[in-house]
Asker: 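Structure below; questions to follow.
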Amino acid sequence: MNVYDLPIRPRRNRRTESIRSIVREHSVSSTDLIQPMFVCEGNQKSEAIVSMPGIFRLSTDLIVKECVALFELGVPGVALFPAISDSKKDKKATESLNDDGLLQTTVRAIKAAVPGITVITDVAMDPYSSDGHDGFVNEQGEIVNDVTLDILANMAVSQARAGADMVAPSDMMDGRVGVIREALDDHGFTNVGILSYSAKYASSYYGPFRDALSSAPKSGDKKTYQMDPANVREAIYEVELDIAEGADMVMVKPGLPYLDVLRAVSEISNVPVAVYNVSGEYAMLRAAAEKGWLDYQKAVLEALLSFKRAGADMILTYHAKEAAEWLKSK
Ligand code: PBG
């Protein structure tokens with residue numbers, strides 16, 4: 001065997017697991033994870049979501065149980081999305097302002113049972129909108145920015161009143177962070193934070209989520225408000241605006257197809273950066289695993305690690321609970 005004159009051998013740092021652990025740059029912990037959850041009406045209700053195996057729409061009582069389990073596993077936060085029946089949807093998302101609505105009731109129940117868990121609520125019209133859009137749709141079919149802002153501000157205040165720790169506008173209307181901040185402050189909710197979906201793309205990876213909430217747009221698409229997948233400079237612009245308007249945290253969404261955006265945002269942001277590992281990304285790994293085409297657990301943990309490597313401080317992911325379980329037993 002020839003021994004070549006190779007003074008530099010990077011493999012030396014990979015030789016044993018303990019050396020690898022010493023030189024490891026990034027890691028995922030359960031405290032990085034936030035579990036998105038779908039809440040539905042009823043009691044003891046658990047409805048499977050066909051395109052998201054392993055994820056269920058849960059009634060409030062079961063959501064509370066799940067929050068107890070998540071918090072014990074070290075998952076510090078949940079993001080809630082309500083599945084509203086079609087009969088309660090209208091053009092102005094009126095039900096979203098109901099202080100005794102499904103979402104508000106669930107927030108109260110969670111905070112009563114698990115006061116320490118961080119409850120993040122979604123601020124956007126689509127779960128409540130008969131048009132399936134994140135903003136108000138006028139007769140010409142346009143999404144009207146400033147009419148929407150009033151609704152979003154009132155929605156955020158109602159969620160804060162219910163006890164939300166953080167409100168998360170996912171609508172991509174211009175100026176909403178500033179308007180929501182002002183409304184929260186005017187109502188005395190100066191401690192309620194804003195996690196802004198700052199760089200949210202018009203992505204095809206939201207399909208399973210829209211199945212879960214029956215919230216797909218009735219007509220048109222979301223391209224006049226969600227970002228063009230071709231753009232990255234614009235993501236920086238959106239993030240800078242949201243920080244200037246008072247966002248406490250900013251988000252990039254989706255995750256895996258936008259790791260470059262996440263990296264760019266994390267390099268310029270002065271506030272913590274979140275990434276949303278969305279429903280379609282979850283469905284892809286689940287589907288491949290069901291076919292036996294990859295090792296599910298390893299693939300999930302590798303995906304989560306990629307977000308940390310790209311600069312995320314926190315990860316909204318449907319894998320949160322299972323990942324926390326795996327990390328605990330490691
Ligand atoms: C809508 C909203 C969407 C998601 C979170 N909030 C879908 C959309 O914009 O149509 C998607 C999340 C996911 O796919 O997991 N306000």
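Computed over heavy atoms, backbone and side chain alike; hydrogens, waters and symmetry mates excluded. Order of appearance sets the numbers: ligands from 1, and atoms from 1 within every ligand. For clarity, every value in this text was computed on a predicted model and none was experimentally measured.
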Asker: Would you mind running through ligand 1 and noting each atom that sits below 4.0 Å from a heavy atom of Ser170?
Answerer: 1 (C), 6 (N), 16 (N)
Asker: Determine yes or no for a side-chain-to-main-chain donor-acceptor pair under 3.5 angstrom, with Thr148 supplying the side chain and Val144 the backbone.
Answerer: yes
Asker: Roughly how far, to the nearest 0.5 Å, is the CE atom of Met155 from the CG atom of Leu103?
Answerer: 9.5 Å
Asker: Give the residue, atom name and distance (to 0.1 Å) of the protein heavy atom nearest atom 14 (O) of ligand 1.
Answerer: Ser279 OG, 2.7 Å
Asker: Would you indicate whether the side-chain heavy atoms of Met251 and Met314 approach each other to under 4.5 Å?
Answerer: no
Asker: Just checking, Lys92 and Phe136: is the charged tip under 6.0 Å from the six-membered ring centre and within 45° of the axis?
Answerer: yes
Asker: Is a donor on one side and an acceptor on the other found under 3.5 Å between the side chain of Lys308 and the backbone of His26?
Answerer: no
Asker: Taking Ala212's backbone N and O only, do any of them form a donor-acceptor pair with Arg57's side chain (distance below 3.5 Å, no angle check)?
Answerer: yes
Asker: Ignoring hydrogens and geometry beyond distance, is a side-chain donor-acceptor pair present between Asp99 and Ser158 at under 3.5 Å?
Answerer: yes
Asker: Measure the distance from atom 2 (C) of ligand 1 to every protein heavy atom, then report the residue, atom name and distance (to 0.1 Å) of the closest one.
Answerer: Lys200 NZ, 3.1 Å
Asker: Give a yes/no on ligand 1: does Tyr276 have at least one heavy atom closer than 4.0 angstrom to it?
Answerer: yes
Asker: Check Tyr318 against ligand 1 and report side chain, backbone, both or neither, counting heavy atoms closer than 4.0 Å.
Answerer: side chain
Asker: Which ligand 1 atoms are under 4.0 Å away from a heavy-atom of Lys222?
Answerer: 8 (C), 9 (O), 10 (O)
Asker: Mark up the atoms of ligand 1 that fall under 4.0 Å of a heavy atom belonging to Asp126, in ascending order.
Answerer: 1 (C), 2 (C), 16 (N)
Asker: Which ligand 1 atoms are under 4.0 Å away from a heavy-atom of Asp134?
Answerer: 1 (C), 16 (N)
Asker: What do you reckon, does Gln226 put a non-hydrogen atom under 4.0 Å from ligand 1?
Answerer: yes
Asker: If you count the atoms of ligand 1 from 1 in the order shown, which ones are under 4.0 Å from a heavy atom of Lys253?
Answerer: 2 (C), 3 (C), 4 (C), 5 (C), 6 (N), 11 (C), 12 (C)
Asker: What atoms in ligand 1 come closer than 4.0 Å to a heavy atom of Ala124?
Answerer: 16 (N)
Asker: Would you check if the side chain of Glu245 reaches a backbone N or O of Val179 as a donor-acceptor pair within less than 3.5 Å?
Answerer: no
